[in-house]
Amino acid sequence: QVQLVESGGGLVQAGGSLRLSCAASSRTFSSLATGWFRQAPGKERDFVATISRSGSSTYYADSVKGRFTISRDNAKNTMYLRMNSLKAEDTAVYYCAAAQGSGLYTQASSYDYWGQGTQVTVSS
């Protein structure tokens with residue numbers, strides 16, 4: 001079983017930046033593909049970004065491409081999401097997720113483990 005804990009959310013003005021972290025409990029973190037999703041009130045959970053096990057490959061939703069950067073440090077069992085040029089529409093609960101696989105996964109159903117979420121609020 002893998003436990004994921006997000007941190008780093010908060011309130012920020014439009015145009016500002018935040019960095020989210022996702023700490024994993026498992027030493028097998030390096031064998032897991034990971035990703036970020038977000039869910040705004042009244043909406044479905046949407047894909048944000050994903051990164052391969054080694055960190056060499058990434059993929060982003062069009063809505064965040066060029067503004068967000070996903071990365072991971074397998075030595076620290078931690079994944080990150082750097083968010084720049086934040087917009088009001090980025091406001092959501094952000095979830096990290098891990099999948100037992102070697103690819104890049106954009107569907108929530110592909111993930112086996114989920115964190116509890118961290119709130120990001122962008123004021124306009």
Side-chain angles (χ1 to χ4, degrees):
Q1 187 73 11
V2 177
Q3 292 184 331
L4 303 173
V5 179
E6 303 97 334
S7 61
L11 174 64
V12 63
Q13 289 187 333
S17 299
L18 281 175
R19 189 181 79 158
L20 305 183
S21 299
C22 173
S25 63
S26 175
R27 294 181 180 179
T28 61
F29 179 73
S30 61
S31 68
L32 302 171
T34 52
W36 290 95
F37 287 74
R38 66 186 181 185
Q39 188 167 19
K43 296 188 177 181
E44 295 185 349
R45 190 170 298 190
D46 291 331
F47 165 75
V48 175
T50 182
I51 187 167
S52 60
R53 296 184 299 188
S54 67
S56 61
S57 299
T58 59
Y59 186 78
Y60 298 89
D62 288 342
S63 59
V64 306
K65 199 173 298 182
R67 299 188 298 122
F68 291 10
T69 303
I70 189 172
S71 62
R72 63 190 292 165
D73 185 341
N74 287 340
K76 295 182 178 181
N77 293 341
T78 303
M79 176 179 63
Y80 305 97
L81 185 68
R82 176 68 179 182
M83 306 185 293
N84 295 329
S85 302
L86 283 161
K87 306 175 182 179
E89 51 263 43
D90 294 318
T91 295
V93 176
Y94 283 71
Y95 298 89
C96 67
Q100 293 181 340
S102 59
L104 297 172
Y105 305 104
T106 63
Q107 300 296 316
S109 59
S110 299
Y111 289 85
D112 303 291
Y113 309 103
W114 291 85
Q116 83 289 348
T118 185
Q119 176 70 48
V120 171
T121 302
V122 184
S123 62
S124 56

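In what follows, residues are counted from 1 in the order of the sequence shown.
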Point-to-point distance, once rounded to the nearest 0.5 Å, from CZ of Phe47 to OH of Tyr60 = 9.0 Å
What is the minimum heavy-atom distance between Ala99 and Ser110, and which atoms define it?
-> CB-O, 3.5 Å
Would you give the length of the straight line joining atom CZ of Arg53 to atom OG of Ser30, rounded to the nearest 0.5 angstrom?
-> 8.5 Å
Determine the minimum heavy-atom distance between Trp36 and Leu20, stating which atoms define it.
-> CH2-CB, 3.7 Å
Apply the test side-chain contact (heavy atoms from CB on, under 4.5 Å) to residues Thr91 and Gln119: give CA-CA distance (whole Å), side-chain angles for both, the deciding distance (0.1 Å), then the verdict.
-> CA-CA 8 Å; Thr91 295; Gln119 176 70 48; 4.0 Å; yes
Is the count of non-hydrogen atoms from other residues, nucleotides or ligands lying under 6.0 Å from Glu89 atom CD greater than 12?
-> yes
Hey, any chance Ile70 and Val64 share a hydrophobic cluster, counting ILVMFWY side chains that come within less than 4.5 Å of each other, even indirectly?
-> yes
SG on Cys22 to CZ on Phe29, rounded to 0.5 Å | 6.5 Å
Sort out for me which residue in Tyr59, Tyr105, Tyr111 forms a side-chain hydrogen bond (donor to acceptor under 3.5 Å, both in side chains) with Thr50.
-> Tyr111
Just jot down the side chain to side chain donor-acceptor pair (under 3.5 Å) partners of Ser123, sequence neighbours excluded, or say none.
-> none
Answer yes if Met79 and Leu32 sit in the same cluster of Ile, Leu, Val, Met, Phe, Trp and Tyr residues linked by side chain heavy atoms under 4.5 Å apart, and no otherwise.
-> no
Report the distance from atom OG of Ser26 to atom CG of Leu4, rounding to the nearest 0.5 Å.
-> 9.5 Å
Please confirm whether the backbone N or O of Ala14 pairs with a side-chain atom of Asp90, one donor and one acceptor, at under 3.5 Å?
-> no
Cluster partners of Tyr80, using ILVMFWY side-chain heavy atoms under 4.5 angstrom, listed by chain and number?
-> none
If you group Ile, Leu, Val, Met, Phe, Trp and Tyr by side-chain heavy-atom gaps below 4.5 Å, do Tyr95 and Ile51 land in one group?
-> no
What is the distance from atom SG of Cys96 to atom CD of Glu6, rounded to the nearest 0.5 Å?
-> 4.0 Å
Heavy atoms from other residues, nucleotides or ligands near CD of Gln116 exceed 12 (cutoff 6.0 Å) | yes
side-chain contact (heavy atoms from CB on, under 4.5 Å) between Trp114 and Arg45, intermediate numbers included = CA-CA 12 Å; Trp114 291 85; Arg45 190 170 298 190; 3.3 Å; yes
Looking at Ala88 and Ser124, what are the two nearest heavy atoms and their distance?
-> CB-CB, 4.2 Å
Same hydrophobic cluster for Val12 and Tyr94, using side-chain heavy-atom links shorter than 4.5 Å among ILVMFWY?
-> yes
Any idea which heavy atoms bring Leu86 and Arg67 closest together, and the distance?
-> CA-NH1, 3.9 Å
Thr78 side chain vs Lys76 backbone, donor-acceptor pair below 3.5 Å | yes
Step-by-step side-chain contact (heavy atoms from CB on, under 4.5 Å) determination, Val122 to Lys87 | CA-CA 6 Å; Val122 184; Lys87 306 175 182 179; 5.6 Å; no
Is any side-chain N of the basic residue among Asp62 and Lys65 closer than 4.0 Å to the acidic one's carboxylate O?
-> yes
Distance-only, no hydrogens or angles: does the Arg82 side chain make a donor-acceptor pair with backbone N or O of Thr69 under 3.5 Å?
-> no
With no hydrogens and no angle check, do the side chains of Tyr113 and Gln1 hold a donor and an acceptor under 3.5 Å apart?
-> no
Which pair of non-hydrogen atoms, one from Ser52 and one from Ser56, has the smallest distance, and what is that distance?
-> OG-N, 3.3 Å
Just by modelled atom types, is the Ala33 backbone N or O under 3.5 Å from a matching donor or acceptor in the Arg72 side chain?
-> no
Going through the checks in order, is the side-chain contact (heavy atoms from CB on, under 4.5 Å) test met by Arg38 and Ser63?
-> CA-CA 12 Å; Arg38 66 186 181 185; Ser63 59; 3.5 Å; yes
Rounded to the nearest 0.5 Å, the CG atom of Leu81 sits from the OG atom of Ser71 at a distance of 8.0 Å
